[in-house]
Each structure stands twice: as C-alpha cells, then as structure tokens.
Amino acid sequence: MGFGEQLRRQAGDSFLAEDLNMLTPRIEIWGNRRVSIENHEGILEYGQEMMQIKCGRMVVKICGEDLELRSATLTDLSVTGRIVSVELI
C-alpha cells in the first residue's frame, strides 16, 4: 500500500478525503489578478481575453483583459491578468 492510499484510508469520510484525491481538479482564484488550476487536462482555447481549460467533466472558462499563461506543466497552470469572470461549464 502506497503512502497516498494510506492517507486516504486514514482520512475516511473527513473533509480531507477530497483533497487527497490527486486527480480532482483544484481551482484557486487570487483576487482579480490570478487563477491557478491543478490537475487540468489541457488548454482548449487561448487568448488575451478568454481561455478555456479542460478539467475532468467540466471546462473552466476564464474571461478578462491581458490574460497570460504565466506558468504551465502537464497538470498545473497559472493565468494572470485582469480577471473579470471564472465560469464552470
């Protein structure tokens, strides 16, 4: 049994159990200047005014001005700029 599985068993039905699932997308919004997404599945659309990111069964649509992909890995990314809205589609 791996360390992650051991943590999941110990957490059981607690609120931490969802955080331990490494495949669940996690979206953090930092004011109106940055959106960070963990465990995404790819960038569907990229532009200075709108970006769409695939996250499991949903798409995260970020609208704003001067949007820029600040950092990106295969699973995590960060978008900066003037964020106007974040929609889950």
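The figures that follow rest on heavy atoms only: side chains count, while hydrogens, waters and symmetry mates do not.
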Is there a side-chain contact between [X] and [Y], using heavy atoms and a 4.5 Å cut-off?
X: M50; Y: K61; result: yes
X: R33; Y: T80; result: no
X: L67; Y: I62; result: yes
X: W30; Y: V35; result: no
X: C55; Y: I37; result: yes

Exceeds 12 heavy-atom contacts within 6.0 angstrom, atom [atom1] of [X]:
X: Q48; atom1: CD; answer: no
X: L74; atom1: CG; answer: no
X: E49; atom1: CD; answer: no

List the atom of [X], the atom of [Y], and the distance in Å for their closest heavy-atom pair.
X: T24; Y: N39; value: O-ND2, 2.8 Å
X: V59; Y: Q52; value: CG1-OE1, 3.5 Å
X: D76; Y: E38; value: OD1-CA, 3.3 Å
X: S78; Y: S36; value: OG-OG, 3.8 Å
X: Y46; Y: M51; value: CE1-CE, 3.3 Å

Next on the checklist: For a side-chain contact (heavy atoms from CB on, under 4.5 Å) check, start with the C-alpha distance between I53 and L44, then their side-chain angles and the critical distance, and finish with the verdict.
Outcome noted: CA-CA 6 Å; I53 317 300; L44 301 175; over 6 Å; no
Next on the checklist: Are I43 and L88 connected into the same hydrophobic cluster when the rule is that any two of I, L, V, M, F, W, Y join if their side-chain heavy atoms are below 4.5 Å apart?
Outcome noted: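 In one cluster: yes.
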Checklist entry - Does one hydrophobic cluster hold both I83 and L69, with members joined at side-chain heavy-atom distances below 4.5 Å? => result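 Yes, I83 and L69 fall within the same hydrophobic cluster.
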Item to check | Gap separating the CG atom of N32 from the CZ atom of R82, nearest 0.5 angstrom | outcome: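 Spacing of CG (N32) from CZ (R82) equals 6.5 Å.
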Checklist entry - OG1/T75 to CD/E41 distance, rounded to the nearest 0.5 angstrom? => result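 The OG1 atom of T75 sits 11.0 Å away from the CD atom of E41.
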